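Report on the structure given below.
The basis for the numbers below is simple: all heavy atoms, side chains too, and nothing from hydrogens, waters or symmetry mates. Every value quoted in this text rests on a predicted model; they were computed, and no experiment measured them.
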Amino acid sequence: MEAVVFDVDGTLSFNGQVIGAPIVAAIQRLQARGKRVIFASARLIRDLLPIIPAFTDQLLIGANGALVANQGQVQIMAPLSSSHLQQLTAMIDRYQLDYVVDMSGIMRHG
């Protein structure tokens, strides 16, 4: 089955809250033609769902690829190893970078 991947924010949704009815209808026509529709976003899956209520059972890629939901089941794709996390933290400290990390719903930022 051929797949079509859509980025959501700025591509399908222009206000960050909804996808317009003509776009929803076009996506549904793709599905009717046998295309697998996949939605991708930098958002977490839980923040993506309200924007695509007609498509929540589709394959959803969230958190820039860190999370995937398929038919409503969310999976963490590849958590950072402790050594990679230490390397990343060292770079953040060295370059005094701002950051946001979402670890199981607990937000940390600096």
Kindly compute the distance separating [atom1] ([X]) from [atom2] ([Y]), expressed to the nearest 0.5 Å.
X     : Y     : atom1 : atom2 : answer
Arg36 : Gln31 : CZ    : CD    : 11.0 Å
Arg46 : Leu48 : CZ    : CG    : 12.0 Å
Thr89 : Arg94 : OG1   : CZ    : 11.5 Å
Ile38 : Phe6  : CD1   : CZ    : 10.5 Å

Give me the one residue out of Ile23, Ile52, Ile51 that meets side chain to side chain contact (heavy atoms under 4.5 Å, CB included) with Ser13. Ile51
With a 4.5 Å heavy-atom cut-off, do Phe55 and Val24 have their side chains touching? yes
Within a strict 4.5 Å, meaning less than it, do heavy atoms of the Leu60 and Leu49 side chains meet?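 With C-beta onward as the side chain, the pair touches.
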Nearest non-hydrogen partners of [X] and [Y], listed with the distance:
X     : Y     : result
Arg43 : Gly16 : NH2-O, 2.9 Å
Leu12 : Asp7  : CG-O, 3.5 Å
Ile45 : Gly62 : CD1-N, 3.6 Å

hydrophobic_cluster_shared for Val18 and Phe14, side chain cutoff 4.5 Å: no
